[in-house]
Amino acid sequence: MEQLQLDNMNYNNNINEFNVRYDYWGDIEKLNWYENTKHYGYDANTRISEYLMDNFTIEHIIKLKNFVVEQRQALQNMLRGYFKASPTSVRKEFILGDDAFWDFASHIVGMGRTMFMYVYDHPEVVLLMQKDYQENFEYGFDYAISAINNETKVN
């Protein structure tokens with residue numbers, strides 16, 4: 001069986017970090033998070049989980065989830081810095097608490113690389129986006145990992 005390059009996280013001269021990340025973004029975009037949330041609401045996580053289990057190994061799902069978490073954390077850090085440097089009037093417009101902020105940042109990652117980069121370049125847009133997000137893009141990965149682990153356990 002041929003091994004996918006994405007399964008090999010050793011960075012070498014032929015693969016740079018951007019290319020590996022771009023491939024992960026491609027996988028995220030295939031999950032079609034935004035459309036799934038519009039059609040299925042909270043059940044979008046179940047659909048994401050099913051897609052992941054049908055198309056990826058558990059090792060790849062874990063790597064993809066780690067990538068999502070890394071991107072979510074980077075986005076949260078950037079937005080915290082943005083709001084810290086913003087006038088009080090702007091900070092007061094951002095109404096999300098810590099848990100909702102986590103969900104919101106994860107939602108943005110789930111919408112794909114283009115939206116993620118747009119928010120990075122134009123952080124003020126989150127003031128408009130904050131009322132339209134679905135909890136939590138990372139749950140679909142957790143559901144898939146849990147289901148696969150439960151199937152492989154020996155009783």
Side-chain angles (χ1 to χ4, degrees), residues 4-7 9 15-86 89-151:
L4 294 173
Q5 280 188 317
L6 289 176
D7 289 338
M9 293 304 292
I15 303 173
N16 65 32
E17 188 173 0
F18 175 78
N19 286 335
V20 172
R21 291 189 185 289
Y22 182 78
D23 290 333
Y24 281 121
W25 280 117
D27 290 344
I28 289 169
E29 289 166 2
K30 289 175 189 171
L31 297 173
N32 206 11
W33 173 248
Y34 185 76
E35 289 301 317
N36 274 310
T37 63
K38 292 302 169 197
H39 294 290
Y40 302 104
Y42 194 76
D43 287 337
N45 291 300
T46 302
R47 298 193 49 92
I48 296 300
S49 173
E50 292 167 352
Y51 181 89
L52 289 167
M53 290 187 293
D54 289 345
N55 292 282
F56 300 110
T57 65
I58 189 167
E59 293 81 12
H60 190 76
I61 295 169
I62 291 169
K63 288 176 186 176
L64 191 54
K65 164 82 188 285
N66 290 340
F67 175 79
V68 169
V69 169
E70 181 181 294
Q71 300 313 303
R72 188 234 330 129
Q73 290 171 337
L75 183 62
Q76 286 178 293
N77 289 337
M78 183 279 294
L79 289 172
R80 284 186 191 107
Y82 168 75
F83 285 116
K84 186 175 183 179
S86 296
S89 60
V90 172
R91 287 193 301 259
K92 286 182 177 180
E93 289 183 53
F94 192 69
I95 59 173
L96 300 177
D98 288 342
D99 185 55
F101 181 46
W102 177 311
D103 294 335
F104 178 62
S106 183
H107 177 78
I108 292 169
V109 173
M111 289 195 293
R113 183 177 189 273
T114 301
M115 181 57 76
F116 179 86
M117 295 307 298
Y118 186 83
V119 170
Y120 237 89
D121 292 341
H122 306 280
E124 68 279 0
V125 74
V126 299
L127 297 174
L128 300 172
M129 295 174 65
Q130 67 182 324
K131 295 179 183 169
D132 184 34
Y133 71 94
Q134 180 68 46
E135 183 181 324
N136 178 312
F137 179 60
E138 296 171 37
Y139 292 166
F141 296 89
D142 295 338
Y143 298 165
I145 292 166
S146 177
I148 292 170
N149 281 335
N150 286 335
E151 287 177 9

- Query: If every non-hydrogen atom of Ala44 is compared with every non-hydrogen atom of Trp33, which pair is closest and at what distance?
  - Reply: CB-CZ3, 3.9 Å
- Residue pair Glu124, Tyr82: steps toward the side chain to side chain contact (heavy atoms under 4.5 Å, CB included) verdict: CA-CA 8 Å; Glu124 68 279 0; Tyr82 168 75; 3.3 Å; yes
- Which class fits the ring pair Trp25 and Phe116: parallel under 30°, tilted 30 to 60°, perpendicular over 60°? tilted
- Message: When you measure from the side chain of Gln130 to the backbone of Ile95, do you find a donor-acceptor pair of N or O atoms at a distance under 3.5 Å?
- Response: yes
- Go through Phe101 and Leu75 one step at a time and tell me if the side chain to side chain contact (heavy atoms under 4.5 Å, CB included) criterion holds. CA-CA 10 Å; Phe101 181 46; Leu75 183 62; over 6 Å; no
- Item | Partners passing salt bridge (charged side-chain N to carboxylate O under 4.0 Å, His left out) against Glu135 (at least two apart in sequence or in another chain) | none
- Message: For the CG atom of Asp43 and the OG atom of Ser49, what is their distance to the nearest 0.5 Å?
- Response: 11.5 Å
- Item | Any side-chain heavy-atom pair of Phe56 and Ile62 under 4.5 Å | no
- Look only at the side chain of Arg72 and the backbone of Trp102, and say whether a donor-acceptor pair between them is shorter than 3.5 Å. no
- Do you know the tightest heavy-atom contact between Arg91 and Ser86? NH1-O, 2.6 Å
- Note on the structure: CZ of Phe141 to NZ of Lys63, rounded to nearest 0.5 Å, is 14.5 Å
- Task: Measure the shortest side-chain to side-chain distance between Leu79 and Tyr120 over non-hydrogen atoms and say whether it is less than 4.5 angstrom.
- Result: no
- Scanning both residues in full, the closest heavy-atom pair of Asn45 with Asn136 reads OD1-O, 2.9 Å
- Measure the spacing between OH of Tyr143 and CD1 of Ile48 and express it to the nearest 0.5 Å. 11.5 Å
- Task: For residues Asn55 and Lys30, determine if any side-chain heavy atom of one lies less than 4.5 Å from a side-chain heavy atom of the other.
- Result: no
- Message: Within the structure provided, determine whether Val90 and Phe94 are in side-chain contact (heavy-atom separation under 4.5 Å).
- Response: no
- Tell me, do Asn77 and Arg80 make a side-chain contact under 4.5 Å, heavy atoms counted? yes
- When rounded to the nearest 0.5 angstrom, what distance separates CZ in Phe104 from CG in Asp132? 9.0 Å
- Task: Would you check if the side chain of Asn36 reaches a backbone N or O of Leu31 as a donor-acceptor pair within less than 3.5 Å?
- Result: yes
- Message: So does Asp142 get a backbone contact from the side chain of Ser146, meaning a donor-acceptor N/O pair under 3.5 Å?
- Response: no
- Message: Do Leu96 and Tyr133 have side chains that approach each other closer than 4.5 Å (heavy atoms only, starting at C-beta)?
- Response: yes
- Task: State whether the number of non-hydrogen atoms from other residues, nucleotides or ligands found under 6.0 Å of Asp54 atom CG is greater than 12.
- Result: yes
- Over all heavy atoms of both residues, which pair between Val109 and Ile28 is shortest? Give the atoms and the distance, please. O-CG2, 3.6 Å
- Distance, nearest 0.5 Å, that separates CG of Asp121 from CE of Met78: 8.5 Å
- Item | Shortest non-hydrogen contact from Ala105 toward Gln76 | CB-CG, 3.6 Å
- Distance-only, no hydrogens or angles: does the Gln71 side chain make a donor-acceptor pair with backbone N or O of Val68 under 3.5 Å? no
- Message: With heavy-atom distances below 4.5 Å as the criterion, would you say the side chains of His60 and Asp27 are in contact?
- Response: yes
- Query: Hey, what do you get for CE (Met115) to NE2 (His107), rounding to the nearest 0.5 Å?
  - Reply: 8.0 Å
